[in-house]
Colleague: 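Have a look at this one.
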Amino acid sequence: QVQLVESGGGLVQAGGSLRLSCSASGNTRRYDTMGWFRQAPGKDREFVAATRRSGGTYYSDSVKGRFTISRDNAENTVYLQMNSLKPEDTADYYCAANVNRVITSAVGDQRMYSTWGQGTQVTVSS
């Protein structure tokens with residue numbers, strides 16, 4: 001079974017940093033577009049960041065300048081470095097992937113991603 005496994009979540013104070021990882025375990029497929037979404041309690045899931053195998057990166061306005069997405073194509077792994085964290089960043093963070101290239105205008109659309117992880121919780125205290 002193809003899976004995406006997230007790790008790196010936890011509790012951090014406002015202004016702190018965390019690094020999330022997402023590994024495509026048990027899978028030799030190579031994903032083109034990989035992304036991160038998050039869902040805060042009582043809210044809809046929202047786009048955070050995405051990256052293509054070719055190296056393009058995309059961010060939501062709410063995290064631009066604070067979060068950095070990167071990937072290791074050889075290891076089929078994507079990372080999310082989160083700096084200057086705010087209490088409003090508190091959410092469950094999900095990794096998502098598509099073996100095909102997602103067009104730029106759609107990288108933030110969760111319907112474009114066919115494979116998802118189980119999520120990792122991030123809590124930012126004030």
Colleague: Rounded to the nearest 0.5 Å, what separation is found between the OH atom of Tyr94 and the CD atom of Gln118?
Modeller: 8.0 Å

Colleague: For the atom pair CD (Glu6) and CG (Leu80), what is the distance rounded to the nearest 0.5 Å?
Modeller: 11.0 Å

Colleague: With rounding to the nearest 0.5 angstrom, report the CG to CD distance, Leu85 to Gln13.
Modeller: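 With rounding to 0.5 Å, CG (Leu85) is 11.5 Å from CD (Gln13).
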
Colleague: Thinking salt bridges, do Lys64 and Asp61 make one under a 4.0 Å N-O criterion?
Modeller: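 Salt bridge flag = yes for Asp61 with Lys64.
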
Colleague: Which atoms form the tightest heavy-atom contact between Asp32 and Arg71, and what is the distance?
Modeller: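 It is O-NH1, 2.6 Å.
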
Colleague: Distance check, rounded to the nearest 0.5 Å: Ser60 atom OG versus Trp36 atom CH2?
Modeller: 14.0 Å

Colleague: Mind checking what makes side-chain contact (heavy atoms from CB on, under 4.5 Å) contact with Arg19, not counting sequence neighbours?
Modeller: Tyr79, Gln81

Colleague: Is a side-chain donor-acceptor pair under 3.5 Å present for Thr104 with Arg52?
Modeller: yes

Colleague: If you take all heavy atoms of Ser62 and Arg38, which pair is closest and at what distance?
Modeller: OG-NH2, 3.5 Å

Colleague: List the atom of Met34, the atom of Val78, and the distance in Å for their closest heavy-atom pair.
Modeller: CE-CG1, 3.8 Å

Colleague: With the 4.5 Å side-chain cut-off for hydrophobic clustering, are Leu18 and Leu11 part of the same group?
Modeller: no

Colleague: Looking at every heavy atom in both Tyr113 and Asn98, which two are closest together, and how far apart are they?
Modeller: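 The answer is CD2-N, 4.2 Å.
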
